Amino acid sequence: GGAGAAAELQQLEQRAQQLRAQLKAVANGPDQLSLHLELGFVLQHLNHFRPDGGKRVREAEQHYRCVDGSHGIRPRRMRMR
């Protein structure tokens, strides 16, 4: 229900903050790519629950591009509603 969705949204927002902080802490460390990928994924989910006019999607794309440049992965584009 609504309470479960609100709790999940709060958990996702907290995870996004944690991942941003971890990315700053690791600089160019070995975990950086997985952090970019997870943060992009979390931001897409946040946008699904609470669209914000594309800000999160743009940030997610930036994180996916960091991974794309390192591994040749082509991220799927999210369709905006």
Side-chain angles (χ1 to χ4, degrees):
E8 186 170 357
L9 181 65
Q10 185 177 18
Q11 287 177 338
L12 286 169
E13 289 185 358
Q14 289 173 350
R15 185 64 184 145
Q17 288 176 349
Q18 290 171 348
L19 290 165
R20 286 183 186 112
Q22 285 180 286
L23 272 169
K24 287 180 183 179
V26 300
N28 291 317
D31 295 334
Q32 184 182 25
L33 294 177
S34 62
L35 292 171
H36 279 295
L37 192 61
E38 185 178 353
L39 183 50
F41 183 76
V42 168
L43 290 167
Q44 281 188 287
H45 274 69
L46 277 168
N47 189 69
H48 175 76
F49 282 110
R50 185 182 292 163
D52 68 349
K55 182 180 172 191
R56 287 189 193 102
V57 172
R58 283 189 297 276
E59 184 182 350
E61 286 179 346
Q62 290 173 349
H63 291 289
Y64 289 141
R65 281 190 200 105
C66 290
V67 176
D68 183 28
S70 297
H71 292 293
I73 296 170
R74 305 236 6 142
R76 288 189 354 208
R77 300 221 14 107
M78 277 190 60
R79 285 181 281 144
M80 296 297 289
R81 293 182 184 169

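None of the values given here were measured: they were computed from a predicted structure.
- A salt bridge links Glu61 to Arg65: at least one charged side-chain nitrogen sits closer than 4.0 Å to a carboxylate oxygen.
- Under the ring-ring contact (aromatic ring centres under 6.0 Å, His included) criterion, the residue pairs touching residues 14-37 are His36-His63, with sequence neighbours excluded.
- The aromatic ring centroids of His45 and Phe41 lie less than 6.0 Å from each other.
- In this structure, the side chains of Leu46 and Val42 come closer than 4.5 Å at one or more pairs of heavy atoms.
- Taking all atoms of both residues into account, the shortest heavy-atom contact from Ala60 to Gly40 is CB-O, 3.5 Å.
- From Asn47, atom CG reaches atom CD of Glu59 across 11.0 Å, with rounding to the nearest 0.5 Å.
- Hydrophobic clustering, with ILVMFWY side chains joined whenever heavy atoms are under 4.5 angstrom apart, keeps Leu33 apart from Val26.
- With 3.5 Å as the limit, one finds a donor-acceptor pair spanning the side chains of Arg15 and Gln18.
- Proximity of Val57 to Leu43: side-chain heavy atoms (C-beta onward) are nowhere separated by under 4.5 Å.
- Placement of Leu12 and Tyr64 in two distinct hydrophobic clusters is found when ILVMFWY residues are connected by side-chain heavy-atom separations under 4.5 Å, directly or transitively.
- In plain terms, the two heavy atoms of Gly53 and Arg58 that are nearest each other are O-NH1, 3.9 Å.
- Counting only heavy atoms from C-beta outward, the side chains of Gln22 and Leu39 never approach each other to under 4.5 Å.
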